[in-house]
Amino acid sequence: MPFFKDCIGAIDGTHVDARVPAEQQVAYIGRHGTTTQNVMAVCDFNMCFTFVLAGWEGSTHDSRIFQRALMDPSYNFPYPPHGKPFISREALVQEIFKITMFLVTIIHTYCAISNFAGKYYVVDAGYPLQRGFLKPYSGTRYHLPDFRRGSRPIQGRREIFNQAHSSLRSVIERSFGVWKNKWKILRDMPPYSLTKQRDIVIATMSLHNYIRRHPSRSDTHFRACDEDEHFIYPAGIQRRTGQSNENSGGDHVIGIRVGVDEMVALRDSIADQLHRA
């Protein structure tokens, strides 16, 4: 989309079937009441995965996995250019917060959208607002099924933005859908060790990328998405109709607020452009 010209991909979490020893099952019970591993992934707009963090307990919140990916350098998270958090360690933030508050205030004052030159990922309302990660407006319809099946037309700049944002971010759901449909083992995992189950996720994502980068007309899974830009396999949809962010509590921020105002300004600027278009 031309209005999101600096967007380089999308981020979301998905759940994969897991076989877990009885004594560990409680932690692995996911959103649907079955044992799963929670997998965070980043994808580009060619539906290739560019980062994966697998093996987390199914009960773990997406935002916790996201913060660990950013805070632990051993994971080598692919930060968007100029989008790396100002400070990643919460302990360090707490130590210098009072000293830097005045400087942060000045930075906020002069951080205008015209000066924001960084790239960014699109994320949903479950992720924190910070530099390099653009999330939708809270308190407003967001997920595409809510718009398609809604009885009222899209109203206002916030809903216009959220629909466009959701449409753009759906690439991660489309990618998850192709991936899960192609590899049946992800829907019925054998009772391997948890480490091997995690490695199966990573290996199948690598194979997914190889197949995508070496296209074949016989690949029915990718072809279905290429022929219809709105098509999403049901396995890739992470939320059901009605699970919008209309009742969410707003833009939650973790750690220091450097970069937050930039993303708010960017979001408002895109919303204004979409509203005028």
Side-chain angles (χ1 to χ4, degrees), residues 8-21 24-25 27-32 34-80 121-124 127 169-226 231-238:
I8 59 174
I11 300 174
D12 203 358
T14 190
H15 287 252
V16 172
D17 184 53
R19 294 291 180 265
V20 184
Q24 300 181 43
Q25 285 186 0
Y28 280 86
I29 295 177
R31 60 183 63 149
H32 297 303
T34 59
T35 53
T36 63
Q37 61 167 300
N38 195 348
V39 179
M40 172 187 153
V42 182
C43 78
D44 59 23
F45 291 108
N46 190 37
M47 298 176 64
C48 287
F49 296 110
T50 58
F51 176 81
V52 57
L53 186 53
W56 285 75
E57 297 92 338
S59 63
T60 308
H61 195 280
D62 289 352
S63 63
R64 180 186 171 196
I65 303 174
F66 173 76
Q67 286 301 318
R68 179 60 67 86
L70 267 59
M71 293 171 64
D72 190 335
S74 67
Y75 290 128
N76 295 315
F77 181 83
Y79 289 103
Y121 296 109
V122 284
V123 297
D124 69 17
Y127 291 88
R169 196 192 61 84
S170 69
V171 66
I172 187 72
E173 295 182 333
R174 289 152 57 82
S175 301
F176 283 150
V178 169
W179 170 60
K180 288 183 176 182
N181 272 271
K182 191 174 290 293
W183 308 104
K184 294 181 180 179
I185 193 172
L186 301 172
R187 306 192 298 276
D188 187 16
M189 186 70 69
Y192 298 135
S193 69
L194 292 173
T195 299
K196 181 171 287 188
Q197 293 180 54
R198 178 203 64 196
D199 291 345
I200 287 172
V201 167
I202 297 170
T204 52
M205 282 189 169
S206 297
L207 291 170
H208 167 103
N209 287 355
Y210 179 86
I211 294 169
R212 181 58 168 169
R213 290 166 180 162
H214 298 78
S216 168
R217 296 184 63 182
S218 63
D219 190 308
T220 58
H221 298 106
F222 279 115
R223 188 170 71 243
C225 291
D226 290 336
F231 178 78
I232 303 175
Y233 284 100
I237 298 175
Q238 305 307 303

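Atom set for the values below is all heavy atoms of this structure, side chains included, hydrogens, waters and symmetry mates excluded.
Although no hydrogens or angles enter the test, the distance criterion places no donor-acceptor pair under 3.5 Å between the side chain of N46 and the main chain of C48. E173 contributes no side-chain N or O that, together with a main-chain N or O of I237, makes up a donor-acceptor pair within less than 3.5 Å. Proximity of a side-chain donor or acceptor of T35 to a complementary backbone N or O of Y28 within less than 3.5 Å is not detected.
Under the ring-ring contact (aromatic ring centres under 6.0 Å, His included) criterion, F45 pairs with no residue at all, not counting sequence neighbours. Residues forming a side chain to side chain donor-acceptor pair (under 3.5 Å) with N76 (at least two apart in sequence, or on another chain): none. Remark: R64 pairs with W56, T60 by the side-chain contact (heavy atoms from CB on, under 4.5 Å) rule, at least two apart or across chains. In this structure S170 satisfies the side chain to side chain donor-acceptor pair (under 3.5 Å) test with no other residue, sequence neighbours excluded.
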CA sep, side-chain torsions, deciding dist, call: M205, F176, side-chain contact (heavy atoms from CB on, under 4.5 Å)
CA-CA 9 Å; M205 282 189 169; F176 283 150; 4.2 Å; yes
Decide yes or no on side-chain contact (heavy atoms from CB on, under 4.5 Å) for I8 and Y121, but give the supporting numbers first.
CA-CA 6 Å; I8 59 174; Y121 296 109; 3.7 Å; yes
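Put simply, CD on Q24 and CG on L194 are 5.5 Å apart, with the number rounded to the nearest 0.5 Å. For the atom pair Y127 OH and D12 CG, the distance stands at 4.5 Å (nearest 0.5 Å). Taking CG of L70 as the start and CD1 of I65 as the end, the distance is 13.0 Å to the nearest 0.5 Å. To the nearest 0.5 Å, atoms CH2 (W183) and CD1 (I200) are separated by 11.5 Å. Taking CG of N38 as the reference point, atom CZ of R31 lies at 6.5 Å (rounded to 0.5 Å). In this structure, OG1 in T14 is found 9.0 Å from CG in D62, a value given to the nearest 0.5 Å.
The shortest distance between side-chain heavy atoms of I11 and M40 falls below 4.5 Å. Side chains of D17 and R187 form no contact here, defined as non-hydrogen atoms less than 4.5 Å apart. Between T34 and H15, the closest side-chain pair of non-hydrogen atoms is not below 4.5 Å.
Between A69 and F77, the closest heavy-atom pair is O-CB, 3.6 Å. Nearest heavy-atom pair, S59 versus A27, reported as atom, atom and distance to 0.1 Å: OG-O, 2.6 Å. Nearest heavy-atom pair across G30 and T36 is CA-OG1, 3.7 Å. T50 approaches P78 most closely through the heavy-atom pair O-CG, 4.2 Å. Contact record, S74 with D72: OG-OD1, 2.6 Å, taken as the closest heavy-atom pair.
Note on ring orientation: taking the six-membered ring where Trp is involved, the planes of H221 and Y233 are tilted (angle from 30° to 60°).
Legend: salt bridge (charged side-chain N to carboxylate O under 4.0 Å, His left out) pairs involving residues 202-216, not counting sequence neighbours, sorted by first then second residue: R212-D226. Residue pairs meeting the side-chain hydrogen bond (donor to acceptor under 3.5 Å, both in side chains) criterion with at least one member in residues 193-209, sequence neighbours excluded: W179-T204.
Side-chain polar atoms of H61 and S63 form a donor-acceptor pair below 3.5 angstrom.
Around CZ of R19, the count of heavy atoms belonging to other residues, nucleotides or ligands within 6.0 Å exceeds 12.
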